[in-house]
Amino acid sequence: MPELPEVETIRADLSDCLLGRKIISCQVTRAGILRGPVKIYRQLLVGAKVKAVERRGKLLLLRLSNDYTLAIHLKMTGQIVVVSPTGDRVGGHPIKGVSQVPNRFTHVTLTLTGKVKLYFNDVRRFGYWLLVLNSDLPKLLRNYGPEPLSPNFTVQQLAAKLKRRRGSSIKAALLDQTVVAGIGNIYADESLFVAGVQPDRRAGELLEEEIKKLHQAVKTVLRRAVRARGTSFNSYVDGRGRRGTYWERRLVYGRQNEPCLRCGRLISKTRIAGRGTHYCQHCQK
DNA sequence: CACTTGACCTGTCCGC
DNA sequence: TGCGGACAGGTCAAGT
């Protein structure tokens with residue numbers, strides 16, 4: 001469930017904690033997380049410095065001082081938590097109660113200079129680490145649509161992409177990473193509510209005016225969620241093991257049978273595009 | 001090509 | 001208290 005706001009929050013935390021540090025050791029307790037032989041990963045990671053921490057969609061990118069980039073996908077339950085022996089040098093706050101590390105879901109541990117530890121935890125083990133040669137990076141990122149919080153994300157180009165779709169719903173379109181990068185189930189529902197658009201509307205049939213509203217809604221919702229440091233209602237924690245607060249501000253997601261914050265009628269839950277989908281029948285047309 | 005479905009996993013919750 | 005089953009949803013491969 002880490003979507004763009006959660007991954008962006010982690011990116012910023014890792015950037016604060018890791019920039020310029022050298023990886024001293026790499027301990028792997030579940031090899032399946034790494035897309036490739038453990039031995040190769042150790043060879044390439046140990047000795048490398050972290051030059052930059054970037055994000056594309058929901059993919060985290062650690063640019064290393066060699067010719068490689070470590071791409072990390074958290075999928076649904078992946079966590080990255082960084083701690084130092086004292087707790088405050090790196091993050092400001094030690095982990096307390098929210099996510100003790102390491103634990104039985106810790107699959108990879110990096111030790112960096114300054115005794116800083118990076119733990120990768122993942123209950124469901126859908127997440128992965130992928131070391132990719134920098135020259136191969138464009139190939140990996142080719143399938144991502146525009147970053148919704150960058151100027152590359154325009155109404156015109158969103159409209160063009162939606163028009164090309166035939167039968168599928170606008171909800172499915174928002175979840176499609178080639179349409180726009182970084183939206184998942186939570187922020188798709190939130191954006192559609194803000195735009196006043198029913199999630200099961202055919203994507204190709206939205207009016208220009210509605211596309212405009214949706215384009216704006218996506219940006220508004222994602223910005224608000226980044227400011228709240230993401231949504232924690234299950235396993236998500238930021239790079240320092242802390243929770244985000246967007247859950248407390250959510251408009252429709254997980255609010256089925258509760259009153260719509262706009263009209264007071266009850267929020268509905270149904271299944272669209274194979275996902276639990278929350279919306280207001282009255283406010284969303 | 002457009003689109004849908006199933007697989008990958010395991011913790012949590014609900015009904016019996 | 002325990003147990004079976006539904007459910008959570010990001011992505012990719014396979015199927016329609």
query: Pairs in or reaching into residues 176-187 of chain A: which pass salt bridge (Lys or Arg N to Asp or Glu O under 4.0 Å), with residues at least two apart or in two chains?
result: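 Qualifying pairs, neighbours excluded: A/R165-A/D176.
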
message: Could you check whether A/R56 pairs with A/E147 (Lys NZ or Arg NE/NH1/NH2 to Asp/Glu carboxylate O, under 4.0 Å)?
response: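 Salt bridge: yes.
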
What interatomic distance, in whole Å, is found between [atom1] of [M] and the corresponding atom of [N]?
N      : M      : atom1 : answer
C/dT11 : B/dT12 : P     : 24 Å
C/dG10 : B/dC13 : C1'   : 22 Å
C/dC7  : B/dT5  : P     : 15 Å
B/dG11 : C/dC12 : P     : 25 Å

Give the rounded distance in Å between these two atoms: [atom1] of [X] and [atom2] of [N].
X      : N      : atom1 : atom2 : result
A/K75  : B/dC8  : NZ    : P     : 13 Å
A/R104 : B/dT10 : CZ    : C1'   : 9 Å
A/I33  : B/dC8  : CD1   : C1'   : 12 Å
A/L74  : B/dC9  : CG    : C1'   : 16 Å

Taking ring pair (Phe, Tyr, Trp, His ring centres under 6.0 Å) as the test, write out the residues that go with [X], two or more places apart.
X      : result
A/Y68  : none
A/Y253 : A/F233, A/H278
A/Y128 : A/H73

Beyond-backbone contact of A/S169 with A/R202, side-chain heavy atoms, under 4.5 angstrom: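 Touching, per the 4.5 Å side-chain cut-off.
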
Partner set under side chain to side chain contact (heavy atoms under 4.5 Å, CB included) for A/R125, not counting sequence neighbours: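 A/R125: side chain to side chain contact (heavy atoms under 4.5 Å, CB included) contacts with A/R30, A/I33, A/H107.
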
message: Taking side chain to side chain contact (heavy atoms under 4.5 Å, CB included) as the definition, give me every residue that meets it alongside A/K139, ordered by chain and number, with sequence neighbours left out.
response: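 Partners of A/K139 under the side chain to side chain contact (heavy atoms under 4.5 Å, CB included) test: A/D136, A/R142.
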
Base-paired stems in DNA chain C, each at least three Watson-Crick or G-U pairs under 3.5 Å: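 Listed by first number, the stems are B:2-8 with C:10-16, B:10-16 with C:2-8.
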
field: For A/E210, salt bridge (Lys or Arg N to Asp or Glu O under 4.0 Å) partners two or more places apart
entry: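 Per chain and number, A/E210 pairs via salt bridge (Lys or Arg N to Asp or Glu O under 4.0 Å) with A/R201.
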
field: A/D238: salt bridge (Lys or Arg N to Asp or Glu O under 4.0 Å) partners, not counting sequence neighbours
entry: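 A/D238 satisfies salt bridge (Lys or Arg N to Asp or Glu O under 4.0 Å) with A/R229, A/R242 only.
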
message: Can you tell me how far apart CG (A/L110) and CG (A/L70) are? Round to the nearest 0.5 Å.
response: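 That separation rounds to 7.5 Å.
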
field: Nucleic acid contacts - residues 271-281 of chain A versus DNA chain C, non-hydrogen atoms under 4.0 Å
entry: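 Contacting residues: A/R271, A/R275, A/G276.
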
- prompt: Looking at DNA chain B, which of residues 123-132 of chain A put a heavy atom within less than 4.0 Å of it?
  reply: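 Contacts with DNA chain B under 4.0 Å: A/V123, A/R124, A/R125, A/F126.
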
message: Using the rule that Ile, Leu, Val, Met, Phe, Trp and Tyr join whenever any side-chain heavy atoms are under 4.5 Å apart, tell me whether A/W129 and A/I10 fall into a single cluster.
response: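 Shared cluster, yes.
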
message: Checking side-chain hydrogen bond (donor to acceptor under 3.5 Å, both in side chains) between A/E6 and each of A/Y236, A/Y246, A/Y187, which is the one that passes?
response: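 Running side-chain hydrogen bond (donor to acceptor under 3.5 Å, both in side chains) over A/Y236, A/Y246, A/Y187 with A/E6 returns exactly one hit, A/Y187.
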
task: On DNA chain C, reading 5' to 3', which nucleotide is the first and which the last to sit with an atom under 4.0 Å from a heavy atom of chain A, could you check?
output: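 Endpoints of the contacted stretch of DNA chain C: C/dA8 to C/dT11.
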
